[in-house]
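Each remark here refers to the structure printed beneath this line.
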2 protein chains.
Amino acid sequence: MDSRCENCIIRQFNSLRAMSKEELKQVSDTKTTKKIKKGEPIFEEGDKLNGVYCVRDGVSKLSKLSANGKDQIVKLATKGEVIGQRSVIAEESTNLSAVAVNDMEVCFIPKESITHTLHKNPDFTLEVLRHMAHDLKEADDVIVNMSQKTVKQRIAEAILYLKNNFGEDDEGFLALTLSREDISNVVGTATESAIRIISEFKKKGLIHTSGKRIGIKNERKLVELVEGF
Amino acid sequence: MDSRCENCIIRQFNSLRAMSKEELKQVSDTKTTKKIKKGEPIFEEGDKLNGVYCVRDGVSKLSKLSANGKDQIVKLATKGEVIGQRSVIAEESTNLSAVAVNDMEVCFIPKESITHTLHKNPDFTLEVLRHMAHDLKEADDVIVNMSQKTVKQRIAEAILYLKNNFGEDDEGFLALTLSREDISNVVGTATESAIRIISEFKKKGLIHTSGKRIGIKNERKLVELVEGF
DNA sequence: ATCTTAAACTGATAAATATCATATTTTTAA
DNA sequence: TTAAAAATATGATATTTATCAGTTTAAGAT
């Protein structure tokens, strides 16, 4: 993979595409590439970030620790997404932890490169703004789901989400394998409850499993379940 | 109250303050002021908005209808806040309904005034971006609260939120009176459950009530409850 | 002011979910 | 490869929350 931002395909998926040649060169010259192993943190809740992280490969879970000691996963960030933006823009310490779900490669971009462009290039700022508007809409949807859907519906939805966003492998399992605990943290439930419902889905023929891996067997029924039939 | 945006105090609280004199004049010349009565909608979920609404007076609830027919209130917007921004920026139809909680006065600003400035004035765009970053953080917090806190904790939190954001009247009641149903829609629970818990708080001496009005009697205990004691 | 309607409230019960305890399987690392 | 650790799984039970049915109280309209 080319190590210059100008040539990085990932850029096509995020706001960096709205940068000018010179701005991009500046980013490329100051960025550093990091490898993060599965389970390792990129940053922790409360950290003051000195820049943002552009995900080149792998998936990161963004989560927040609640008073009762459970993590709530708020978002899964994958190839092409930029994480840490919110904190850098608001000039606050981050409200989320970012931990690698599998082995990752990320580019660290110092905040000066970003903030300078934010002040100078309205196209870039607008592009970031549009992304954030989208994230905000998604967050609103999550709030509604959390409060109005049952755990069963939320788990069905999470499984479909994983398929739609990360795809399936050649054996028909979800390409992104989350632990049962991670699933329960996405859905906001007790790990045992998540496991129980996954077993139930298996018994009913909606999914099949192998170890921690999950595959979809009856997508239509899962969709119906989410919609409340 | 002066009807020119340039002189409007409300502007101090929102992104419009980053506009140049000319931009603001343009907004002022194209804006229209509307009065909305308690219970009336400003816009409905799915509407394509032709502009944004700047709240001059009163409070609006932003909510989303869920599959089971219940509204989930995602945000309460008050004096100084601009609503409908997200949809206009993302150029999508709105994902939320806005209904007046009490009599309101709002200024409608056609989207052209906004989008034009978004493309030209990075200070303004950045200011809007910062606001949205803030909203996103709040949304993340709501997600965590929804999934990790009990209904009792969420109701206690809602009461404290109302006090901190809208204050108390001279009799010691919350200045913003929400119906029990609205409270249950903020908290994401059945109306009867909300009522029951409010009664319980009253019995325990945490609050006092008079009709639908609620006053805080023991703030410390409410805070402790939210934090899980 | 009073009639009418809507909102607030209460009880009984059902359903959903969490918790605790423990067995089994899978993964990790020596 | 195998022992240890971690994750998955399941049962029993407690707790929380929703639902249904009904009464009382408050608010709005004539």
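For the numbers below, each heavy atom of this structure counts, side chains included, while hydrogens, waters and symmetry mates do not. Labels below follow one simple rule: chain letters A, B, ... track the order of the sequence lines, proteins then strands, and each chain is numbered from 1.
Annotation: side-chain hydrogen bond (donor to acceptor under 3.5 Å, both in side chains) contacts of B:Lys64 (sequence neighbours excluded): A:Asp141.
Judged purely by distance below 3.5 Å, without hydrogens or angles, the side chains of A:Gln72 and B:Ser147 pair a donor atom with an acceptor atom.
Going from atom CD of B:Glu200 over to atom C1' of C:dC9 covers 14 Å, rounded to whole Å. Taking atom CD of A:Gln148 as the reference point, atom P of D:dA18 lies 9 Å away to the nearest angstrom. Remark: C1' of D:dC20 and CG of B:Asn68 are 16 Å apart, rounded to the nearest angstrom. The CG-P distance, from A:Leu178 to D:dA7, rounds to 13 Å in whole Å. Rounded to whole Å, the distance from NZ on B:Lys203 to P on C:dC9 is 11 Å. To the nearest angstrom, P of D:dA5 lies 19 Å from CD of A:Glu181. As rounded to whole Å, 13 Å separates atom C1' of D:dT23 from atom CD1 of B:Ile195. Whole-Å rounding puts the B:Arg180 CZ to D:dA18 P distance at 17 Å.
Between B:Asp135 and B:Lys75 there is a salt bridge, with a side-chain nitrogen of the basic residue lying less than 4.0 Å from a carboxylate oxygen of the acidic one. A salt bridge links A:Glu92 to B:Lys137: at least one charged side-chain nitrogen sits closer than 4.0 Å to a carboxylate oxygen. The existence of a salt bridge linking B:Lys35 and B:Asp103 is excluded, since no basic side-chain nitrogen approaches an acidic carboxylate oxygen closer than 4.0 Å.
Sorted by first and then second residue, the side chain to side chain donor-acceptor pair (under 3.5 Å) pairs involving residues 164-178 of chain A (not counting sequence neighbours) are A:Glu171-A:Arg213.
Where the helix from C:dA1-D:dT30 to C:dA30-D:dT1 starts and where it ends, the local axes point in directions that differ by 60°; five pairs per end, rounded to 10°.
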Taking protein heavy atoms under 4.0 Å as touching, what does nucleotides 15-23 of chain C look like 5' to 3' if B marks base contact, S marks sugar-phosphate-only contact and - marks none? --SBBB---
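Taking all atoms of both residues into account, the shortest heavy-atom contact from B:Ser28 to B:Cys5 is OG-N, 3.0 Å. Taking both residues in full, the closest heavy atoms of B:Gly211 and B:Arg180 are given as O-NH2, 3.5 Å, listed atom of the first, atom of the second, then distance. Contact detail for A:Met104 and A:Val55: the closest heavy-atom pair is CE-CG1, 3.7 Å.
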Pairs under 3.5 angstrom, nitrogen or oxygen only, protein versus nucleotides 26-30 of chain D, please.
none

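OP1 or OP2 of D:dA7 has not a single side-chain nitrogen or oxygen of A:Thr191 nearer than 4.0 Å.
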Quiz: residues 188-205 of chain B side-chain donor-acceptor pairs under 3.5 angstrom, not counting sequence neighbours:
unit_1: B:Thr191; atom_1: OG1; unit_2: B:Ser184; atom_2: OG; d: 3.4
unit_1: B:Ser199; atom_1: OG; unit_2: B:Ile195; atom_2: O; d: 3.0
unit_1: B:Glu200; atom_1: OE2; unit_2: B:Lys152; atom_2: NZ; d: 3.2
unit_1: B:Glu200; atom_1: OE2; unit_2: B:Lys204; atom_2: NZ; d: 2.9
unit_1: B:Lys202; atom_1: NZ; unit_2: B:Thr209; atom_2: OG1; d: 2.9

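Ring planes of B:Tyr161 and B:Phe166: perpendicular class, angle over 60° (limits at 30 and 60°).
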